[in-house]
Amino acid sequence: MSSSSLSSSLHCFPPPSLTFQNLKNNDRLIHNFNTPLELKQLHARLIKTNTPLSILPLTKVAFVCALSPSFSYAHQIFSHMPNKNVRSWTSMISGFVQCGKPKEAIDLFMKLEDEAVRPNEVTVVSVLAACADLGDLDLGRSVHEYSTKSGFERNVHVCNTLIDMYVKCGCLENARRVFYEMEERTVVSWSAMIAGLAMHGQAEEALCLFSEMIKLGVKPNGVTFIGLLHACSHMGLIDEGRRFFASMTADYGVIPQIEHYGCVVDLFSRAGLLEEAREFILNMPIKPNGVVWGALLGGCKVHKNIDLAEEAIKHLSELDPLNDGYYVVISNIYAEAERWEDAARVRKLMKDRGVKKTSGWSSITVNGVVHEFVAGDQTHPQAEDICKIWDKLLVKMKRRGYAPKTSVVLLDVEEKEKEKFLYRHSEKLAVVFGLMTTPEGTPIRIMKNLRVCEDCHAALKIISGMTSREIIVRDRNRFHCFRDGQCSCRDFW
DNA sequence: CGTCCGCTCG
């Protein structure tokens, strides 16, 4: 459909003849069509027959399309929609967030500010979710201020999303404050806070919060238990994890889903109970997915079990053949055992299957500008300075007992070469840049798309002590907060 | 009603 036909049919919209009944009928009509394709065809048909559409069904079209690859179609409808109101804007923003485009959601939110449309509670929820995804603390904070001024903090959805936003931006303290100051808390609020504490390695507090919630008579749901199990697996609380898994069905009637099985496999695998994890998978009442085998594979890497890793990868290459992460891990397991030929074989398999390795990056925001670094990066305008400062820092670090852990460099090269690779890891570059460009004593916040490497973990601990800086790193799925030479994860992760 | 919390891997 061309955009001109779309815009012309919507031009005099809503037409004067449109009755309430017509609106109702169209609404019902749209509700019977739920796949994006069906809606698209219906839309075309309505336009051909000159049937007027109401704003409401249009937003429904936009919303459903937003959940699918035909998102551009929704955007097209949106841009031709006359008299856009706060609901049409919000549909679009939330659509962007839900299909994993938080940047676009924020761009749209910025445009909204130029229009005479005031964001409401639902808009705020959507844009805060985008901030959470991106770790955009600055915007998150200003949307929080706006919410306070507008009286939106009485809305439980807004507060729940604020908790999640602060958690994912690394401000656990602010998340706690929102949580404790809320007037009423739902199971979502408790679950968000528990999951947040889990993400920050505060398992004991997460477990306490759960007891508190039960005491107050709040009924936990499946998501609550994911948070709890997550907390247990990331802190090595095996027995507690086992108990929660048993009790979720026995005491609370919550049937475990694939995600819960994933958590338990992760719990066992991380702790080194690989055989038990394997047995657990083989006895699961539902078909294990890639995440479940992936959790076992992760444990095999940490605890160096090649045989089990090979069993896991056999399943993974069928269940999730296009996910580069698994190939990288198995290849690294081989490399660590100096089985270079096997490692090369996996890399070739990746290539044959057209799977591309995601390269690691770290980013830091300074004065509203996002600076992104990849390993070995020399393209940053201040790359030279970063290296100089690092070299100075390194001398002092070594005096404080930092020993480069060259074993994490899985390349068949000399020791000195390995050190060079190590010193150009993206998180180190980002932290040094943060030290150079932000005022003394202020926290340094880093985002990373992959996991922190062991050497960087050790290095950042020492740097935090040396410079009296708090360094907060958001990993792919959790936080490391370095302070006074220690990490919040207590080195179990 | 267009809204919130969610398992693995480098």
Side-chain angles (χ1 to χ4, degrees), chain A residues 27 55-56 58-60 62-64 66 85-95 97-98 120-129 132 152 155-165 167-168 175 179 185-196 198-199 220-230 233-234 256-267 269-270 277 288-302 309 312-313 316 320 323-333 335 357-360 375 408 410 448-453 475-477:
Chain A
D27 224 352
I55 293 272
L56 228 58
L58 269 178
T59 55
K60 162 88 177 177
F63 179 66
V64 176
N85 59 18
V86 65
R87 287 170 65 146
S88 22
W89 280 93
T90 304
S91 296
M92 213 53 216
I93 293 172
S94 121
V97 177
Q98 289 185 31
N120 64 16
E121 287 93 329
V122 184
T123 323
V124 157
V125 165
S126 302
V127 76
L128 283 173
F152 292 171
N155 181 304
V156 69
H157 292 287
V158 170
C159 291
N160 293 344
T161 318
L162 278 170
I163 292 171
D164 188 49
M165 183 276 291
V167 160
K168 295 201 176 127
F179 178 79
R185 285 178 275 272
T186 64
V187 62
V188 177
S189 329
W190 291 93
S191 304
M193 199 62 229
I194 288 171
M199 225 179 254
N221 64 17
V223 182
T224 319
F225 284 102
I226 292 173
L228 281 171
L229 292 169
H230 195 206
S233 72
H234 281 265
Q257 303 297 310
I258 191 78
E259 291 86 352
H260 302 98
Y261 289 96
C263 287
V264 174
V265 173
D266 183 44
L267 175 78
S269 304
R270 245 176 243 279
N289 64 6
V291 177
V292 169
W293 285 108
L296 179 65
L297 180 67
C300 291
K301 184 191 171 347
V302 179
I313 202 76
L316 287 165
D320 200 358
N323 187 327
D324 58 332
Y326 303 128
Y327 298 96
V328 175
V329 174
I330 188 79
S331 152
N332 287 352
I333 290 175
K357 181 180 182 288
T358 317
S359 46
V408 307
L410 299 172
K448 214 183 136 50
N449 64 336
L450 304 176
R451 245 168 60 139
V452 189
C453 99
D475 220 60
R476 182 151 189 72
N477 47 26

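Every heavy atom of this structure was used, including side-chain atoms; hydrogens, water molecules and symmetry mates were not. Lettering of chains follows the sequences in order, A, B, ..., and the numbering in each one begins at 1. Since the model is a prediction, treat every value here as computed from it, not as a measurement.
- A straight line from CZ of Phe152(A) to P of dG2(B) spans 18 Å, rounded to a whole angstrom.
- Within a heavy-atom distance below 4.0 Å of DNA chain B, the residues of residues 155-165 of chain A found are His157(A), Asn160(A), Thr161(A), Asp164(A).
- The OH-C1' distance, from Tyr261(A) to dG6(B), rounds to 17 Å in whole Å.
- Asn332(A) places its CG atom 15 Å from the C1' atom of dT8(B), with the value rounded to the nearest Å.
- Atom pair Asp324(A):CG and dT8(B):P shows a separation of 17 Å (rounding to whole Å applied).
- Across all strands shown, Val328(A) has heavy atoms under 4.0 Å from base atoms, whether or not it also approaches the sugar-phosphate.
- Taking atom CZ on Arg451(A) and atom C1' on dC9(B), their separation rounds to 8 Å, with Å as the unit.
- Leu450(A) comes within contact range of at least one nucleobase, with a heavy-atom separation under 4.0 Å.
- The separation between Ile258(A) atom CD1 and dG6(B) atom P is 18 Å, rounded to whole Å.
- The base of dG6(B) lies outside donor-acceptor range of the side chain of Asn477(A), with no N or O pair under 3.5 Å.
- For Val122(A), the listed nucleotide lying nearest its side chain is dT3(B); candidates were dG6(B), dC5(B), dT3(B).
- For the OP1/OP2 pair of dT8(B) and a distance below 4.0 Å, the side-chain nitrogens and oxygens of Arg270(A) include at least one atom meeting the criterion.
- Not a single donor-acceptor pair under 3.5 Å links the side chain of Asp320(A) to the backbone N or O of Gly294(A).
- Residue contacts shown for Ser189(A) are absent, as no nucleic acid heavy atom lies under 4.0 Å away.
- Residue His234(A) has its side chain nearest to dT8(B) when only dC7(B), dT3(B), dT8(B) are considered.
- Distance CG (Asn221(A)) to P (dC4(B)): 14 Å, rounded to an integer number of Å.
- Between the Asn449(A) side chain and the Arg476(A) main chain, no donor and acceptor come within less than 3.5 Å of each other.
- Atom-to-atom, NE2 of His260(A) to P of dC5(B) comes out at 16 Å; the value is rounded to the nearest Å.
- Residue contacts for Asn120(A): at a heavy-atom cut-off of 4.0 Å it reaches a base atom on one of the strands shown.
- No side-chain donor-acceptor contact under 3.5 Å links Thr161(A) and Asp164(A).
- In this structure, the nucleotide among dG6(B), dT3(B), dT8(B) sitting nearest to the side chain of Ala195(A) is dG6(B).
- Note on Lys168(A): every side-chain N or O is 4.0 Å or more away from OP1 and OP2 of dC4(B).
- When every heavy atom of Phe179(A) is checked against every heavy atom of Arg185(A), the shortest pair comes out as O-NH1, 2.5 Å.
- Nucleic acid contact class of Ser331(A) (heavy atoms, under 4.0 Å, all strands): none.
- For Thr90(A) against dG2(B), a side-chain-to-base donor-acceptor contact under 3.5 Å is present.
- Listed candidates were dT3(B), dC4(B), dG6(B). Nearest to the side chain of Met199(A) is dG6(B).
- Rounding to the nearest 0.5 Å places CD1 of Ile333(A) at 6.0 Å from SG of Cys300(A).
- Within the model, atoms OG1 of Thr358(A) and CG of Asn323(A) stand 8.0 Å from one another, a figure rounded to the nearest 0.5 Å.
- With dC9(B), dC7(B), dG2(B) as the candidates, the nucleotide lying closest to the side chain of Arg87(A) is dG2(B).
- Residue Gly360(A) is classed as having no contact, given no heavy-atom separation below 4.0 Å to the nucleic acid.
- Rounded to the nearest 0.5 Å, atoms CG (Leu229(A)) and NE2 (His260(A)) are 6.5 Å apart.
- Proximity note for Ala192(A) (side chain, C-beta onward) versus dC5(B), dG10(B), dC7(B): the nearest is dC5(B).
- With sequence neighbours left out, the side-chain contact (heavy atoms from CB on, under 4.5 Å) criterion links His230(A) to Ala198(A), Ser233(A), His234(A).
- Taking 4.0 angstrom as the limit, Gln98(A) places a side-chain polar atom (N or O) nearer than this to OP1 or OP2 of dT3(B).
- Applying the side-chain contact (heavy atoms from CB on, under 4.5 Å) test to Thr123(A) and every residue at least two apart in sequence or in another chain returns Val86(A), Thr90(A), Ile93(A), Phe109(A), Leu112(A), Pro119(A), Asn120(A).
- Taking 4.0 angstrom as the limit, Asn85(A) places none of its side-chain polar atoms (N or O) nearer than this to OP1 or OP2 of dG2(B).
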